[in-house]
Amino acid sequence: MRIARFSIDGNVAFGAVEGDKPDELVLDIIRGIPFADFELSGTKVPLSKVRLLPPVLPNKVVAFGRNYAEHARELGNDVPDAPFAFFKPSTSVIGSGDEIQYPSFSEELHHEAELAVVIGRLCREVPRERVREVILGYTCANDVTARDVQRREKQWARAKGFDTACPLGPWVETDLEPGDLTIQLTVNGQQRQLGRTSEMIHPIEDLIVNISEAMTLLPGDVILTGTPAGVGPLAVGDEVSVSIEGIGTLTNKVVKRG
């Protein structure tokens with residue numbers, strides 16, 4: 001099931017996305033929330049009539065760095081022996097169609113296409129064999145990074161946590177095998193990144209075991225799993241799209257921060 005979060009006529013709701021052709025997609029409005037028992041209302045609205053919102057509002061976004069060997073090497077970094085995490089705040093999250101605001105304190109903004117995991121239930125110290133039980137589904141993410149600030153500052157809070165630095169969407173796909181999916185990113189229609197989730201150094205199970213050893217994960221929390229090689233610059237006016245096999249496409253335009 002594809003679960004979207006959207007607004008229409010000033011109201012916010014979740015809906016199941018139905019249909020195959022982009023111009024014919026409809027939303028069957030959900031009674032309840034996707035993190036508990038819910039049912040489809042049977043009330044349907046065309047996707048073209050709503051505004052898509054971030055598919056979840058996470059309490060925290062936990063991102064794992066350098067989880068693709070070629071990406072680590074392209075930035076001159078060693079391939080890590082163990083997963084290492086950083087945070088992007090909830091205020092950095094935007095949805096598909098929202099604008100990425102180029103931060104005033106940076107002159108080198110980069111894109112990073114990623115598979116995002118959405119947590120479906122409260123959990124802590126998750127055993128590896130039970131990781132799938134705590135996952136609601138998967139969505140597309142762009143770990144937008146002020147690369148010059150990342151190099152300059154030892155902590156990555158400003159470089160990766162500024163407002164609009166975490167586009168997510170367009171929806172959550174709950175029925176997906178994430179082990180070998182194509183990840184692609186384009187800027188103005190030109191391919192910049194192309195990889196597969198099978199290239200991860202540390203698979204999703206290891207990432208969730210790693211972070212849940214340290215902290216409680218809440219329903220709606222998001223885990224970013226790393227980016228393949230090919231990261232590069234974004235400029236004001238660029239349109240950047242992340243497409244993941246079996247999920248869909250997340251598209252955002254870069255604008256000058258007002």
Side-chain angles (χ1 to χ4, degrees), residues 1-3 17 20 55-56 58 61-86 88 96 110-120 123 126-145 160 166-187 190-213 217 221-232 240-251:
M1 179 180 290
R2 293 170 291 177
I3 300 176
V17 182
D20 297 316
V56 290
V61 177
V62 182
F64 284 89
R66 301 169 191 167
N67 199 28
Y68 288 74
E70 290 305 312
H71 168 60
R73 295 188 184 104
E74 74 179 343
L75 295 182
N77 297 310
D78 294 331
V79 176
D81 293 329
F84 77 93
F86 58 92
K88 294 172 83 82
S96 189
H110 276 199
H111 56 74
E112 296 190 10
E114 309 209 5
L115 174 70
V117 181
V118 179
I119 299 299
C123 58
V126 182
R128 196 177 194 281
E129 64 273 14
R130 299 192 66 182
V131 163
R132 296 299 177 90
E133 297 176 24
V134 308
I135 295 174
L136 174 67
Y138 307 87
T139 192
C140 305
N142 192 347
D143 176 20
V144 185
T145 303
K160 288 179 172 282
C166 190
L168 298 174
W171 41 65
V172 176
E173 173 57 71
T174 64
D175 185 17
L176 188 69
E177 172 50 57
D180 188 29
L181 304 175
T182 300
I183 302 179
Q184 180 177 239
L185 182 141
T186 63
V187 177
Q190 299 298 311
Q191 182 177 291
R192 293 275 192 86
Q193 291 184 263
L194 181 64
R196 302 194 69 84
T197 57
S198 54
E199 298 168 357
M200 288 183 194
I201 299 168
H202 305 289
I204 290 168
E205 290 82 0
D206 291 352
L207 303 182
I208 292 180
V209 168
N210 176 276
I211 199 62
S212 71
E213 288 176 339
L217 299 176
D221 281 352
V222 170
I223 310 295
L224 302 188
T225 58
T227 191
V231 302
V240 55
S241 295
V242 177
S243 298
I244 299 181
E245 180 183 359
I247 300 176
T249 300
L250 164 71
T251 298

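Since we're looking at a predicted model, the values are computed, not measured.
The residues Glu199 and Arg196 are annotated as not salt-bridged, no charged nitrogen and carboxylate oxygen being separated by less than 4.0 angstrom.
Exactly one of His110, His111, Lys160 qualifies for a side chain to side chain donor-acceptor pair (under 3.5 Å) with Thr145. That residue is Lys160. The side-chain contact (heavy atoms from CB on, under 4.5 Å) test with Val118 is passed by exactly one of Ile135, Val172, Ile3: Val172.
Nearest heavy atom pair, residue Ser241 against residue Thr249, reads CB-CG2, 3.9 Å. Annotation for Pro58 and Val61: closest pair CG-CG2, 3.7 Å, computed over non-hydrogen atoms. Considering all non-hydrogen atoms of both residues, Gly226 and Asn67 come closest at CA-CB, 4.2 Å. Minimum heavy-atom separation, Ala85 to Phe64: CB-CE2, 3.8 Å. What you find for Leu168 and Ala141 is that their closest heavy atoms are CD2-CB, 3.6 Å. Summarising the geometry of Asp81 relative to His202, their closest heavy-atom pair is O-CE1, 3.3 Å, with the distance given to 0.1 Å.
Annotation: Glu129, atom CD; neighbour count of heavy atoms from other residues, nucleotides and ligands within 6.0 Å is above 12.
Residues Met200 and Pro203 have side chains not in contact (no heavy-atom distance under 4.5 Å, counting atoms from C-beta outward). Side chains of Val240 and Leu185 form a contact here, defined as non-hydrogen atoms less than 4.5 Å apart. Side chains of Thr182 and Ile244 form no contact here, defined as non-hydrogen atoms less than 4.5 Å apart. Residues Val62 and Leu207 fail the side-chain proximity criterion, which asks for heavy atoms closer than 4.5 Å. You'll find the side chain of Ile119 stays beyond 4.5 Å of the side chain of Val222, heavy atoms only. Inter-residue side-chain proximity for Gln191 and Gln184 is flagged as met; some heavy-atom pair is nearer than 4.5 Å. Taking 4.5 Å as the limit, every side-chain heavy atom of Thr186 sits out of range of all side-chain heavy atoms of Arg192.
To the nearest 0.5 Å, the span separating CG on Asp78 from CZ on Arg73 amounts to 9.5 Å. Between the CG atom of Leu217 and the SG atom of Cys123 there is a distance of 4.5 Å, given to the nearest 0.5 Å. The line from CD of Glu114 to CD of Gln193 is 8.5 Å long, rounded to the nearest 0.5 Å. Going from atom CG of Leu194 over to atom CD1 of Ile183 covers 9.5 Å, rounded to the nearest 0.5 Å. If you take CG on Leu224 and SG on Cys166, they are separated by 5.0 Å, rounding to the nearest 0.5 Å. Rounding to the nearest 0.5 Å gives a distance of 11.5 Å between CD1 of Ile201 and CG of Asp206.
Among residues at least two apart or in separate chains, salt bridge (Lys or Arg N to Asp or Glu O under 4.0 Å) pairs with a member in residues 166-177 are Arg132-Glu177.
In this structure, Thr139 contributes its side chain and Ala116 its backbone to no donor-acceptor pair below 3.5 Å. Counting only distance, with no hydrogens or angles, the side chain of Glu245 and the backbone of Leu181 share no donor-acceptor pair below 3.5 Å. Glu112 places no side-chain N or O within 3.5 Å of a backbone atom of Val231 that could act as its donor or acceptor partner. Looking at Thr197, its side chain does come within 3.5 Å of a backbone N or O of Asp180 through a donor-acceptor pair.
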Could you go through the side-chain contact (heavy atoms from CB on, under 4.5 Å) check for Thr174 and Leu136 one step at a time?
CA-CA 6 Å; Thr174 64; Leu136 174 67; 4.3 Å; yes
Would you sort out whether Asp143 and Thr227 count as a side-chain contact (heavy atoms from CB on, under 4.5 Å), showing the intermediate values?
CA-CA 8 Å; Asp143 176 20; Thr227 191; over 6 Å; no
Output, in order, the C-alpha distance, side-chain angles, deciding distance and verdict of side-chain contact (heavy atoms from CB on, under 4.5 Å) for Tyr138 and Ile247.
CA-CA 8 Å; Tyr138 307 87; Ile247 300 176; 3.9 Å; yes
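The side-chain hydrogen bond (donor to acceptor under 3.5 Å, both in side chains) check on His71 picks up Glu74, with sequence neighbours excluded.
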